[in-house]
Number of protein chains: 2
Amino acid sequence: MTSTHRFSGVLTPVIMPFDTELNIDSTRLLNQCRWLLDQGVGIAIFGTNSEANSLSVDEKIDTLDQLTEAGIDPTRLMPGTGLCALPETVRLSAHVARLGCGGALMLPPFYYKGVSDEGLFRSYSEVIERVGDERLKIYLYHIPPVSQVGISIALIERLVARYPETVVGIKDSSGDWSNTRAVHDAGLDDFRIFAGSESFLLQNMREGGAGCISATANINPAAIHELYSSWDSEQAEQKQAALNAVRECVQQFAVIPALKAIVAHFSGDPDWRRVRPPLVELDARQRDELSRRLEALGFGMSGLGASAR
Amino acid sequence: MTSTHRFSGVLTPVIMPFDTELNIDSTRLLNQCRWLLDQGVGIAIFGTNSEANSLSVDEKIDTLDQLTEAGIDPTRLMPGTGLCALPETVRLSAHVARLGCGGALMLPPFYYKGVSDEGLFRSYSEVIERVGDERLKIYLYHIPPVSQVGISIALIERLVARYPETVVGIKDSSGDWSNTRAVHDAGLDDFRIFAGSESFLLQNMREGGAGCISATANINPAAIHELYSSWDSEQAEQKQAALNAVRECVQQFAVIPALKAIVAHFSGDPDWRRVRPPLVELDARQRDELSRRLEALGFGMSGLGASAR
C-alpha cells in the first residue's frame, strides 16, 4: 500500500473489539491497527467485517479521532462511510475527508431495494456535493450478497465521468470474478480495482488491479501482502493456494465471530471474542474445531499476543 | 384506533414532505398528520414508506419533538425505531418512550444477513434492557421483502414470553397470509397483530387481528378505516374489493413516489412530489397514467388541499 492519494495494496476491515458493556475497546483496537500496519496492510475500518453497521455514527467519529490522535497515519485508513440515511453518510464522509483519510469505502444506501441507477447516482452525487471537499476519495463498495443493492458498471462509469477526481476505485465483493473483470474491461483511467477478498488477488493483479480488501487479512495479513508484492513471481500460484486454504477454513464458520475467535486464540485474550448482536460468538465446540483445522494447515499469527493487549 | 396502551385500528407510515434542500418540511408534515388523524388513522411515522431509513436519527428526534409540541397526541404515534446500530436503536426508542408514544415499530437490525434467532433475540433484548422504560411498547416489524431479515414465529414467542408487557404486537408485511395466520395460531395473549396492508385487513379482522398498518392509508384513510370499523357487516367483502382496486393501482408504480404524486395532485401542491435519493420521483408521463387510473376508479381525496399547505 502506498500513501499516495489513490490506494493500492492489501487492506482489511479491522475487526472491532468490545468491552464487557459492548462498547468499542479503543486500546485493543489501536494495538490491532498498529499490528496490521506493521504487516503492510492498510485499514478499511468500518467495513462489513468491522461490524460497522452495528456501530453508531458518533462511535465511528470518536474512534477515528482517537486512532489519528494516537498517531495512526490517516492516509492508511479507508473508513466505511456509506449508510442508509443521506445526512449521516454526509456527516461521516465529511469527517473522514477532514481527517485526511486516504479514502472512504462507500456502500450505497441499502435499505430500499430495487432502486434505480438514477437513484443511486443521485445518492452518491448528493454526498459528494454536500461534503464539498476535494480530499474526499471514494471507493465504491459493491457487496450485493449483503447489501442487496449493487453498483452496476453503468453507474460506475457515470460516476467516474462526472467526478473523476473523487470516485477513484471500487471494492468488488460480489464474489463473482466476471463482474470484477467487467470493471477492468470498462478501462477507466487510474481507477483502483480491489478484489473483495484474497481469493481473487492473483487474478486481479494479473488484470492490472490494485490489490484486495479482505476480512481474512485480519488474521493472515503478512502472507496476503506477500502475494500482493510478488504476484508476478513463479511461486504466486502456490501462495494463492495457501491463502485459499486458510480462507476456506474460516468460511466454514460465521466469518466475523470466527475471525474474533482466532485473534482471541492466538493472542490468548478471550475478550476478543465478543460480538454485538445480531451476531453471536462461536461456541466452545466450534472454536475447538476451528483451531484444529487451522493447526492442520500449520497456521499461526506471530507477534499478535504482545500487541493485542 | 384506541389510545389505550395497546394499539388497534388503522395506522399509516406517513409519507415525508421535503423542502427544496431535501430537509423535512415540518409544517406540511404536521398538517398531513392532522388530516390523517381526523380520518381515524394513527401515525406509524418513520415506517418504510416514510422514507425513514433515509432520515438521520437526529432528524427523527427533532421531528417527533416538533409534532408533539404542536399538539399531536403521542399515544396515536407508533414511530419506527429499529435501525442497524444498537446504540442508535436504543437512543431513538428511549426518546419515543419518554415522549409517551403509543408504541414503537421496530425493525430487526437489517444489514447483516443470515443471522440467527438467538442473535435477533439478543438484539431486541439489549434494546429493551438498555432503554429500561416500561412505557416502551414494541410492535415487531416483519418485512422480509425489504429488510431481508425476518422475525420467525419462534422468535416472537420467545420475546413475548420474556417481555410480555413490552413486546405487544407485530406488523406483518411479509405479504404472505399464511405467515400472519401462523402468528394468530401462536395464540399469544392480547398480542396485537397488524396486517402489513389493507389487502389482508378483512382476513386479519376475521382471525381476531388488531387492524392494519398500510402505506396506502396515506391516500385512502377514511375508506380503510371504514372497513376496519365495519368488518363484520354485510358489505365488508365489497369494501375490501374497493380498497384492493385502489391499492393495486398504486402498486403499478414505485409506491413511495406514487403516494407522494397522489397527495401532490389532490392537494394541488407539487412540492409533495419530492423524494430523497435513492428514490426517484415519478415523471410526468407516469403521473398522468396514475391519475387516469385513479380517476377511472372514481378515487378522490377530500379535505386534503386545505390542510396539506
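Chain letters run A, B, ... following the sequence lines, proteins first, then strands; residues in each count from 1.
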**Prompt:** Given that the side chain runs from C-beta out, which part of B:E118 has a heavy atom under 4.5 Å from chain A: side chain, backbone, both or neither?
**Reply:** both

**Fill in**
When the 4.5 angstrom heavy-atom criterion is applied to A:Y111 and chain B, the contacting part is both

**Asked** Should the pair B:E281-A:R122 be classified as a salt bridge under the 4.0 Å nitrogen-to-oxygen rule?
**Response** yes

**Message:** Given heavy-atom pairs under 4.5 angstrom as the criterion, report whether the side chain, backbone, both or neither of A:I256 touches chain B.
**Reply:** side chain

**Request:** Could you look at B:L107 and say if it's the side chain, the backbone, both or neither that has a heavy atom under 4.5 Å from chain A?
**Result:** side chain

**Request:** With B:I15 as reference, evaluate B:I219, B:V255, B:L29, B:L259 under the side-chain contact (heavy atoms from CB on, under 4.5 Å) test and give the passing residue.
**Result:** B:L259

**Request:** Return the option, out of B:R276, B:Q148, B:E59, with the maximum number of heavy-atom pairs under 4.5 Å with chain A.
**Result:** B:Q148

**Prompt:** With a 4.0 Å cut-off, would you call A:D133 and A:R98 a salt bridge?
**Reply:** no

**Asked** Looking at side-chain heavy atoms only, is the closest gap between B:T166 and B:L159 below 4.5 Å?
**Response** no

**Message:** Only pairs of heavy atoms separated by less than 4.5 Å count here; which of B:Y112, B:Y124, B:F110 has the most with chain A?
**Reply:** B:Y112

**Request:** May I ask you to decide whether A:K60 forms a salt bridge with A:E88, counting only side-chain N to carboxylate O separations under 4.0 Å?
**Result:** no

**Message:** At a heavy-atom distance under 4.5 Å, which candidate from B:P277, B:P278, B:S54, B:G119 has the highest pair count against chain A?
**Reply:** B:P278

**Message:** Please classify the contact of A:P145 with chain B as side chain, backbone, both or neither, using a heavy-atom distance under 4.5 Å.
**Reply:** backbone

**Fill in**
With chain A, the option among B:G114, B:A85, B:S125 that has the most non-hydrogen atom pairs under 4.5 Å is B:A85

**Prompt:** Do the charged groups of A:D283 and A:R273 touch, with an N to O distance under 4.0 Å?
**Reply:** no

**Request:** Give, as side chain, backbone, both or neither, the part of B:V149 having an atom under 4.5 angstrom from any heavy atom of chain A.
**Result:** neither

**Message:** Taking atom CD as the centre, does A:E129 end up with more than 12 heavy-atom neighbours from other residues, nucleotides or ligands that are less than 6.0 angstrom away?
**Reply:** yes

